[in-house]
Amino acid sequence: MRNDIKEILFTTEQIEDKAAQLAKQLEVDYQDKKPILLGLLKGSIPFIGDLMKHMNIPIQIEFMDVSSYHGGTTSSGQVKILKDLDISVENRHIIIVEDIVDTGFTLTKVIALLKHRGAASVEVVTMLDKPEGRIVEMEPKYIGFTIPKAFVVGYGLDYDEYYRNLPYVGILKEEVYMK
Ligand code: 5GP
């Protein structure tokens with residue numbers, strides 16, 4: 001898999017350190033709020049794992065699966081809910097955990113849905129932000145790293161469902177998806 005990576009952007013250690021810092025900030029901001037950490041499958045799995053173990057306050061963990069990429073490297077703009085939440089979010093404080101924000105379509109749709117269902121508050125913590133890709137206005141409150149407009153894989157992020165298990169974030173060589 002390493003041969004398919006053009007450049008490593010963030011190592012395991014850098015990501016884990018950043019997750020620990022963000023977790024400490026969330027701990028302060030959500031001290032008495034018993035928030036729900038809502039991971040968006042499947043890309044957020046390693047990041048939510050790193051965050052939760054450093055948050056020493058009462059939290060619940062839930063997951064939703066929404067898709068906008070359908071196996072390619074650009075967003076389709078159509079966000080589909082593949083797996084919904086099993087619990088009510090009414091009057092609950094929600095922290096959405098995302099792997100990367102690009103166009104902003106996915107989160108805009110999920111935030112609107114959670115607010116419509118009566119969530120007390122909805123914020124986003126994302127491992128990566130790609131602001132140059134933004135099409136709809138969307139500003140995550142908690143950001144790990146800001147990256148340029150490139151297609152990255154690893155640490156949960158896939159290309160065609162592969163590479164999620166890479167222990168770092170790297171830029172995928174264009175020839176891999178131009179084939
Ligand atoms: P958005 O709806 O903001 O365009 O995209 C969010 C979702 O698109 C992310 O959760 C992720 O699944 C996918 N995505 C966006 N940029 C990248 C990227 O550079 N690499 C990978 N693997 N997925 C991405």
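Counting begins at 1 with the first residue of the sequence. When a ligand or atom number is given, it counts from 1 through the structure's own listing order. Quantities reported herein were computed from a predicted structural model and do not represent experimental measurements.
With a heavy-atom cut-off of 4.0 Å, M138 does not touch ligand 1 at all. Looking at D99 against ligand 1, only its side chain comes within 4.0 Å, counting heavy atoms.
V176 is not listed as a side-chain neighbour of Y162, based on a closest heavy-atom distance of 4.5 Å or more.
Screening residues 7-64 for ring-ring contact (aromatic ring centres under 6.0 Å, His included), with sequence neighbours left out, gives F10-F145.
Other residues, nucleotides and ligands contribute more than 12 heavy atoms inside 6.0 Å of the NZ atom of K53.
At a 3.5 angstrom cut-off on N or O pairs, G104 counts as close to ligand 1. Considering both main-chain and side-chain atoms, T103 comes within under 3.5 Å of ligand 1 through a nitrogen or oxygen pair. Considering backbone and side-chain atoms alike, L107 places every N or O at 3.5 Å or more from each N or O of ligand 1.
The ligand atoms of ligand 1 that sit less than 4.0 angstrom from a heavy atom of K130 are 16 (N), 17 (C), 18 (C), 19 (O). Heavy-atom contacts of A150 reach the following atoms of ligand 1: 19 (O) (cutoff under 4.0 Å). The T106 neighbourhood of ligand 1 comprises atoms 1 (P), 2 (O), 5 (O), 6 (C), with distances under 4.0 Å to a heavy atom of that residue. Less than 4.0 angstrom separates some heavy atom of D158 from each of these atoms of ligand 1: 21 (C), 22 (N).
Note that NZ of K109 is 5.5 Å distant from CD1 of I81, once rounded to the nearest 0.5 Å. With values rounded to the nearest 0.5 angstrom, D129 atom CG is found 8.5 Å from I147 atom CD1.
For D84, the salt bridge (charged side-chain N to carboxylate O under 4.0 Å, His left out) partners at least two apart in sequence or on another chain are R117.
A heavy-atom separation below 4.0 Å is not found between Y159 and ligand 1.
Proximity annotation for atom 20 (N) of ligand 1: of L157, V152, I147, V152 comes nearest, heavy atoms only.
Contact between F151 and D158 at its shortest, heavy atoms only, is CZ-O, 3.5 Å.
A donor-acceptor contact closer than 3.5 angstrom is absent between the side chains of D4 and Y159.
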